[in-house]
Amino acid sequence: MPGHQRETSFRFLAQPTDVNFGGKVHGGMVMKWIDQAGYAAAVGWSGQYCVTVAVGGIQFVRPIVIGDLVTVRCKLIRTGRTSMHFGVDVFERDLKTQAETLATHCVITFVALDAPNGKPAPVPPWEPKTEEDRLLEAYAVRVTELTRQLEAEIERVREAIAPDDLDGKAV
Ligand SMILES: CCCCCCCCCCCCCCCC(=O)SCCNC(=O)CCNC(=O)[C@H](O)C(C)(C)COP(=O)(O)OP(=O)(O)OC[C@H]1O[C@@H](n2cnc3c(N)ncnc32)[C@H](O)[C@@H]1OP(=O)(O)O
């Protein structure tokens, strides 16, 4: 039922096909897992098709190796009119020692659409209830602000170097 499931977790083993030459899971693979778990969380909350619109503050804190038990935990920390913001923690557990550590963290934002190629659609609102909820909501707002500042900076640099591209001096 939309508007009820605040947390979604995926759990699986890191496989040989997930790792790079150094034996560590690719950062891109971790981002794919985050995207998939976030997608499940966003569709679960909104009851609609959703697309990823931004990922902020991603940090690869610890490596994940083959055979580790991976947990991708998504927690809804803010809703806008059509957007949902999830705090995501990726944990790796060495099954031999049972020691679990945080491997990756980020905030991922999804927007619900009224159809797969449609327009942004309203989502059920989430209201913070505890002090921790309020802190997490403020954190999501701040991460979005910083992401937008980064986008503005990228746009500024792109415009500054565009004349060369237009002259055919760079590709
Ligand atoms: C039936 C078929 C089933 C298929 C089942 C297949 C399943 C298989 C497995 C799937 C596995 C995983 C899949 C993952 C999902 C993809 O990976 S989707 C692919 C990657 N994402 C995309 O292609 C999205 C591209 N972006 C867009 O199309 C447009 O930017 C969007 C998302 C439609 C938004 O358009 P827009 O014109 O910016 O709309 P606008 O009304 O201005 O903003 C909408 C909301 O976005 C927010 N927003 C916009 N930019 C940002 C930003 N940078 N930061 C934060 N918020 C932002 C706005 O603040 C606004 O929020 P609210 O204030 O309404 O809450």
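Here, residue 1 is the first one in the sequence, and each next residue gets the next number.
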message = So that I can tick it off, tell me whether E151 and R156 are bridged by a salt bridge, with the cut-off set at under 4.0 angstrom between side-chain N and carboxylate O.
response = no
key: Side-chain donor or acceptor of T79 paired with backbone N/O of W126 under 3.5 Å   = yes
ask   = Is a salt bridge present between E131 and R134, judged by a nitrogen-to-oxygen distance below 4.0 Å?
value = yes
query = Under a 4.5 Å cut-off applied to non-hydrogen side-chain atoms, are I34 and I58 in contact?
reply = yes
query = Going by atom types alone, do E92 and T101 pair a side-chain donor with an acceptor below 3.5 Å?
reply = yes
Distance in Å, H26 NE2 paired with K32 NZ, rounded so as to fall on 0.5 Å steps = 11.0 Å
ask   = Quick check: does any side chain N or O of T52 sit under 3.5 Å from a backbone N or O of A54, one acting as donor and the other as acceptor?
value = no
request  = Starting at CD1 of I108, measure out to CE of M84 and round the result to the nearest 0.5 Å.
outcome  = 11.0 Å
query = Side chain of R6, backbone of L76: donor and acceptor closer than 3.5 Å?
reply = yes
ask   = Would you say the side-chain atoms of R11 and T71 include a donor-acceptor pair closer than 3.5 Å?
value = yes
message = If you apply the rule side chain to side chain contact (heavy atoms under 4.5 Å, CB included), what do you find for I64 with W33, and how did you get there?
response = CA-CA 13 Å; I64 301 173; W33 294 337; 4.2 Å; yes
inquiry  = Any heavy-atom pair between the side chains of V111 and L113 that's under 4.5 Å?
reply    = yes
ask   = Got a salt bridge between D18 and K24, using NZ or NE/NH1/NH2 to carboxylate O under 4.0 Å?
value = no
task = Using a 4.5 Å cut-off on heavy atoms from C-beta on, say whether the side chain of T144 contacts that of R78.
result = yes
key: Gap separating the CD1 atom of I77 from the CG atom of D133, nearest 0.5 angstrom   = 10.0 Å
query = Does a side-chain heavy-atom distance below 4.5 Å link V141 with Y139?
reply = no
Derivation and outcome, side chain to side chain contact (heavy atoms under 4.5 Å, CB included), residues E159 and E155 = CA-CA 6 Å; E159 280 173 13; E155 194 56 31; 3.4 Å; yes
key: F110/D35 under side chain to side chain contact (heavy atoms under 4.5 Å, CB included): CA gap, chis, key distance, verdict   = CA-CA 9 Å; F110 283 82; D35 204 30; 3.7 Å; yes
key: pair S46-P2: side-chain heavy atoms closer than 4.5 Å   = no
message = To the nearest 0.5 Å, what is the distance between CD on Q98 and CG on L69?
response = 8.0 Å
request  = Please list, chain by chain and in numerical order, all residues satisfying salt bridge (charged side-chain N to carboxylate O under 4.0 Å, His left out) with D68, sequence neighbours excluded.
outcome  = none
inquiry  = Are the side chains of V43 and Y39 in contact, using a 4.5 Å heavy-atom criterion?
reply    = yes
ask   = Would you say Q59's side chain and V61's backbone share a donor-acceptor pair under 3.5 angstrom?
value = no
query = Is the shortest distance from a Lys or Arg side-chain nitrogen in E145 or R148 to a carboxylate oxygen in the other one below 4.0 Å?
reply = no
query = Where do V90 and L102 land on the side chain to side chain contact (heavy atoms under 4.5 Å, CB included) test, with the steps shown first?
reply = CA-CA 6 Å; V90 181; L102 180 72; 5.9 Å; no
query = Is there a side-chain contact between T8 and K75 (heavy atoms, below 4.5 Å)?
reply = no
request  = Give a yes or no on whether the ring-centroid distance for F86 and W45 is below 6.0 angstrom.
outcome  = no
ask   = When rounded to the nearest 0.5 angstrom, what is the spacing between NZ in K119 and OG1 in T82?
value = 12.0 Å
